[in-house]
Chemist: 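First the structure, which I've put down as structure tokens, then a few questions once you've had a look.
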Amino acid sequence: MSKLLDGLNPQQLAAVTLPHHSALILAGAGSGKTRVLTTRIAWLLQTGQISPSGILAVTFTNKAAKEMVTRLTTMLPATPHAVWIGTFHGLSNRLLRTHHHEAGLPRLFQILDSADQLSAIKRMLKGLQANTEKFDPKKVQQFINQNKDQGLRGEQVEAWDTYNRQLVEYYLAYDAQCMREGVVDFAELLLRSHELLSRNQILREHYQQRFRHVLIDEFQDTNRLQYRWLKQFASADSALMAVGDDDQSIYGFRGAHSGNMNDFQRDYAHDNIIRLEQNYRSQGNILDAANALINQNPGRLGKTLWTAAGQGDALQLYAADSDQEEARFICTQVSTLHKQGHPLSDMALLYRSNAQSRVLEHALFSAGMAYRVYGGLRFFERQEIKHALAYLRLLVNPDDDNAFTRIVNFPTRGIGTRTLEQLDAQARQQQTSLWRAAVAASTDNKGLGRFVALMNALQDPITTLPLPEAIAQVLDGSGLSIHYQNEKDGQDRLDNLNELINAASVFVRDNDSDTDTASGANQTGVMADFLAHTALEAGTHQSGNSNDALQLMTIHAAKGLEFRTVFLTGLEQGLFPSELSMHEAKGVEEERRLMYVALTRAREHLYLSYAHTRMLHGQTRYGIPSQFLNEIPAELVQTIQPAFFGSTNSRRTDERAFTDAWDTNPSAAYSHANRRPQANSRTASLGAASTSASRSPTSSNSPWRLGMSARHPKFGLGVIVNLEGQGEDARVQINFGAGHGIKWLALAYARLEAVSHA
DNA sequence: CATGTCTCCATTTTT
DNA sequence: TGGAGACATG
């Protein structure tokens, strides 16, 4: 047992061995948060304070949940199976499966992922002949989810105008449709479990007596419903441990309410707040920069990271002429570090928005550097997988109209839009599902008849064969396998379908002892559980080959990760902080937290860069450095002088190769990059090539040029981003940064002072 | 029904 | 710029 506590610092130790109290753990970046959480659980179990079934541990992501299980396994003699560890959604699913009857759900209810939900909403809107110009399906989806995340049912939503009243109507119609079809969306999983426990006293008391310890990870990311959900599981004498960091709250845009931390303090923790401020990740200068930056935010719970390690290197700042030049600089640095023995996989390029990856990829490809981009489709979201799953879903639950619509004519079997429109009308009229309507129409309609016969034939394997075999039968019987065999670029998809069978085998192996979660002992129950699993755990973003490759991702995606070296790119006002955030209340504060997250990803080396010109939305934009750069103390930063980065036009062949490879298959472009020899003799040209074409107000001899810096007596320093008109009418558009934004000024009146661009 | 053409649009994202 | 979705054509 002493071993368990070895090496914990005093604050960590205090948190791990806390008496039976509720507490708020303010866990800074890199402060050993997961370690505390898992050691706490192990401690409670080993000291016999609680039996495994008395513990509930909740996370946001499957990754975090798995990580906890893995670590617990190493700390304890045996994996305690009875501990409930999982995501909000996974645990809700488990609860609702167990009590589906009380929750008013069919035994084999299925889960809609976001894309499924959107198509369900589109169908609903179509059925009600909604004006989709006015009621954009995505907006309707947002409306529904936002309300569910607040814990509000359609009936409870207050709507003051006709537009919102209509949205509420759609919300109600959508929920009714989901119930008819026996499906629930992500938000519904939580809302319905919450309602189940809040209305059912017997169940609530059962769980409250059971869970004497409730632990929550990443508490700053919880929304209001999630907090209420948690409260349902805790009785007056349960101990809640909420672990989080208000400074790393970067998901406000999707409903996260970091104010939950303050509420938690009031509701449970009172004075039990433990700060984990010792950082085991980054060197001093990096932490000093992060601390100074985040100090600009008002209303923090407050925390200052420190390290026992040294100060380390200064932060490196690079001001590039253009986005391309920025990318080339990074390539050169990466290459240099790599040659010095720094693994590529321990370096990351971070950016604010996905679109920025393209220039970077371009340069990396040209340089023959191995890299990997996070983002994009995940395994269970791929088209062919979605098709296959739709067959399985429909076989398990014939009322799933989403699934029906997806596959009734895929692969094509001569069922046209007319037939489907008629079928839809039939189903609507008779208040039944498309499948039942199709069965009724199958004697008269040849196409539908064949489809119905096919599905009936597949019913048998589903109920009798083990999961992987059943899926194999469906892939063959449905014609999906043959379809992709005949498709010219179908091999990848075919491979994925085989991978699906594989995933099913793994699922069966991992779950065979797990009778607790099963929807039923029979094969159909196993299938239903597998389908729920595919929705709840869509798989990793394409990681592919695990070669040593440079990591590219958004800052959001980097949260929770760390790298020896981090390149933080595109630090321009309007890009980061993003233009849009600057119009939102507290928008810049969230961006600043994002910046804080970005800085604290780095262990040893942190490169910051921005570009004076950048191609954005097909236009060259002129930017000024991000305000965040000014918020980092200058003495921590070393400026790298631009020099000697290759000429722009010597790389046509490589760019061509990149584009070709990209066009055929982006992932092939990466592997191509992986295989490429480190070529590219870099012809050094003195002075970086300036790509910015100068433009001035038409046919005037005005001294003002695009990209020029100017000082205004009131607005301060800015950059000219646009010019128009001439003579008396000449106007310039200037970006003055966060304080004053972008303004049009008449040259005849504005007292502008040119600032030389040293 | 598959494919080409046009138009519009443009943070961040897990479950 | 470049991708997605709507629409038209063979």
Side-chain angles (χ1 to χ4, degrees), chain A residues 58-65 86-93 111-118 122 132-133 136-138 142 145 148-149 184-191 193 217-218 221-223 225-226 229 249-256 323-324 350-359 362 374-378 380-381 409-418 487 532-541 553-560 570 574-584 587 590-591 593-595 597-598 614-621 659 662-663 666:
Chain A
V58 192
T59 65
F60 270 86
T61 64
N62 293 300
K63 196 177 158 201
T87 63
F88 280 104
H89 295 86
L91 294 167
S92 294
N93 178 50
I111 299 166
L112 302 181
D113 67 17
S114 305
D116 294 332
Q117 185 189 35
L118 187 61
K122 283 180 181 163
T132 45
E133 302 265 286
D136 173 26
K138 285 209 182 83
Q142 230 182 354
N145 288 339
K148 287 193 180 184
D149 285 346
V184 297
D185 58 54
F186 286 136
E188 182 73 22
L189 282 170
L190 282 150
L191 181 53
S193 340
D217 192 16
E218 303 278 16
D221 287 339
T222 49
N223 62 36
L225 175 60
Q226 283 160 337
W229 184 99
S249 164
I250 57 172
Y251 286 113
F253 69 93
R254 66 175 196 213
D323 49 353
Q324 299 184 29
L350 306 184
Y351 35 80
R352 173 69 241 263
S353 70
N354 287 302
Q356 290 165 248
S357 76
R358 222 192 150 88
V359 210
H362 218 294
Y374 283 76
L377 278 191
R378 293 136 101 218
F380 289 118
E381 293 168 350
N409 196 36
F410 192 94
T412 48
R413 41 176 78 85
I415 300 170
T417 30
R418 307 171 306 287
E487 206 180 68
H533 166 81
T534 64
L536 290 172
E537 206 165 334
T540 51
H541 284 293
M553 65 192 83
T554 63
I555 302 167
H556 281 92
K559 187 170 166 223
L575 198 66
F576 189 24
S578 89
E579 189 74 53
L580 287 127
S581 75
M582 306 196 327
H583 305 305
E584 290 162 20
E590 178 147 321
E591 297 283 303
R593 291 192 291 267
L594 194 56
M595 180 73 176
V597 168
R614 178 176 298 274
M615 194 61 124
L616 203 67
H617 307 327
Q619 279 177 323
T620 306
R621 302 278 210 102
T659 316
W662 180 283
D663 285 349

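Reminder, nothing fancy here: chain letters follow the sequence lines and each chain counts from 1.
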Chemist: Could you give the NE2-to-P distance, from A:H617 to B:dT11, as a whole number of Å?
Modeler: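 Distance, rounded to whole Å: 6 Å.
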Chemist: Parallel, tilted or perpendicular: which one describes the rings of A:F88 and A:F60, with boundaries at 30° and 60°?
Modeler: perpendicular
Chemist: Base, sugar-phosphate, or nothing: which does A:F253 touch, judged by heavy atoms less than 4.0 Å apart?
Modeler: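 Touches a base.
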Chemist: Given C:dT1, is OP1 or OP2 found less than 4.0 Å from the side-chain N or O atoms of A:R614?
Modeler: no
Chemist: I'd like to know if A:K559 and A:D221 make a salt bridge, using a cut-off of under 4.0 Å between side-chain N and carboxylate O.
Modeler: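 Counted as a salt bridge, because a side-chain N and a carboxylate O are separated by less than 4.0 Å.
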Chemist: Taking the same atom, C1', in C:dG3 and in B:dT14, what whole-Å distance lies between them?
Modeler: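 Comparing C1' positions in C:dG3 and B:dT14 gives a spacing of 23 Å.
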Chemist: Whole-Å distance between B:dT15 C1' and A:H556 NE2?
Modeler: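 It is 16 Å, rounded to the nearest whole Å.
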Chemist: Rounded to whole angstrom units, what separation is found between the CG atom of A:N223 and the P atom of B:dT13?
Modeler: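 A:N223 atom CG is separated from B:dT13 atom P by 18 Å.
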Chemist: Whole Å only: how far is the CE atom of A:M615 from the P atom of C:dT1?
Modeler: 5 Å
Chemist: Taking the minimum atom-to-atom distance to the side chain of A:T554, which one of B:dT15, B:dT12, C:dT1 wins?
Modeler: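 Looking only at heavy atoms from C-beta outward on A:T554, the closest nucleotide is B:dT12.
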Chemist: Where the side chain of A:N62 meets the backbone of A:L536, is there a donor-acceptor pair that is under 3.5 Å apart?
Modeler: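 Yes; judged by distance alone, with no hydrogens or angles, the pair exists.
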Chemist: Collect all protein-nucleotide pairs involving nucleotides 1-5 of chain B in which both atoms are nitrogen or oxygen and the distance is under 3.5 Å.
Modeler:
from	atom 1	to	atom 2	distance (Å)
B:dC1	OP1	A:N409	ND2	3.2

Chemist: Name the nucleic acid region contacted by A:Q619, choosing base, sugar-phosphate or nothing; use a 4.0 angstrom heavy-atom cut-off, strictly under.
Modeler: nothing
Chemist: Any base atoms under 4.0 Å from A:Y251, or only sugar-phosphate, or nothing? Heavy atoms, all strands.
Modeler: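 Here A:Y251 touches the backbone only, sparing every base.
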Chemist: Is the side chain of A:R352 donor-acceptor paired with the backbone N or O of A:L575 at a distance under 3.5 Å, no angle test?
Modeler: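 Checking the backbone N and O of A:L575 against the side chain of A:R352, no donor-acceptor pair under 3.5 Å is found.
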Chemist: Base, sugar-phosphate or nothing for A:D185? Non-hydrogen atoms, less than 4.0 Å.
Modeler: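 No contact.
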Chemist: Without swapping roles, check the side chain of A:R614 against the backbone of A:R621 for a donor-acceptor pair under 3.5 Å.
Modeler: no
Chemist: Would you compute the distance between atom CG of A:L350 and atom CD of A:Q356 and round it to the nearest 0.5 angstrom?
Modeler: 10.5 Å
Chemist: For A:F576, is there any backbone N or O sitting under 3.5 Å from a side-chain donor or acceptor partner on A:E591?
Modeler: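 Checking the backbone N and O of A:F576 against the side chain of A:E591, no donor-acceptor pair under 3.5 Å is found.
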Chemist: Atom CG of A:D217 and atom P of B:dT14: how far apart are they, to the nearest Å?
Modeler: 16 Å
Chemist: Nearest to the A:H89 side chain among B:dT15, B:dT13, B:dT11, which nucleotide is it?
Modeler: B:dT15
Chemist: Pick the closest DNA chain B nucleotide for A:A535 and for A:S581 by heavy atoms, then say which residue is nearer the 5' end.
Modeler: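 It is A:S581, whose closest nucleotide lies nearer the 5' terminus.
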Chemist: Distance check: side-chain N/O of A:N62 vs OP1/OP2 of B:dT15, anything under 4.0 Å?
Modeler: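 True: A:N62 side-chain N/O within range (under 4.0 Å) of B:dT15 OP1/OP2.
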Chemist: With rounding to the closest Å, how many angstrom separate the C1' atoms on C:dG5 and B:dT12?
Modeler: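 The answer is 23 Å between these two C1' atoms.
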Chemist: Using a 4.0 Å heavy-atom cut-off across all strands, classify A:T87 as base, sugar-phosphate, or nothing.
Modeler: sugar-phosphate
Chemist: In this structure, how many angstroms lie between the C1' atom of B:dT13 and the CD atom of A:Q226, rounded?
Modeler: 13 Å
Chemist: Nearest whole Å is fine: how far is C:dA6 C1' from A:D136 CG?
Modeler: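 Atom-to-atom, A:D136 to C:dA6, this comes out as 14 Å.
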Chemist: Have a look at B:dT11 and give me syn or anti from its glycosidic angle (syn if within 90° of zero).
Modeler: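 With its glycosidic angle within 90° of zero, B:dT11 counts as syn.
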Chemist: Students often get this wrong, so: under 4.0 angstrom with heavy atoms, is A:E188 touching a base, only sugar-phosphate, or nothing?
Modeler: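 The residue A:E188 makes no contact with any strand.
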Chemist: Assess whether one donor atom and one acceptor atom, taken from the side chain of A:S114 and the base of B:dT15, lie less than 3.5 Å apart.
Modeler: yes
Chemist: Quick one: closest heavy-atom pair of A:E590 and A:G252, and the distance?
Modeler: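 For A:E590 and A:G252, the tightest heavy-atom pair comes out as OE2-N, 3.1 Å.
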Chemist: On a heavy-atom basis, which atom in A:N93 and which in A:A532 lie closest, and how many Å separate them?
Modeler: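 In this case the closest contact between A:N93 and A:A532 is ND2-CB, 4.0 Å.
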Chemist: Grab the OH-P distance between A:Y374 and B:dT14 for me, whole Å please.
Modeler: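 Atom OH in A:Y374 sits about 13 Å away from atom P in B:dT14.
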Chemist: Just call it for A:N354: base, sugar-phosphate, or nothing, with non-hydrogen atoms closer than 4.0 Å on any strand.
Modeler: sugar-phosphate
Chemist: Which of these nucleotides, B:dT13, B:dT15, C:dG3, is closest to any side-chain atom of A:R358?
Modeler: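 Out of B:dT13, B:dT15, C:dG3, the nucleotide with an atom closest to A:R358's side chain is C:dG3.
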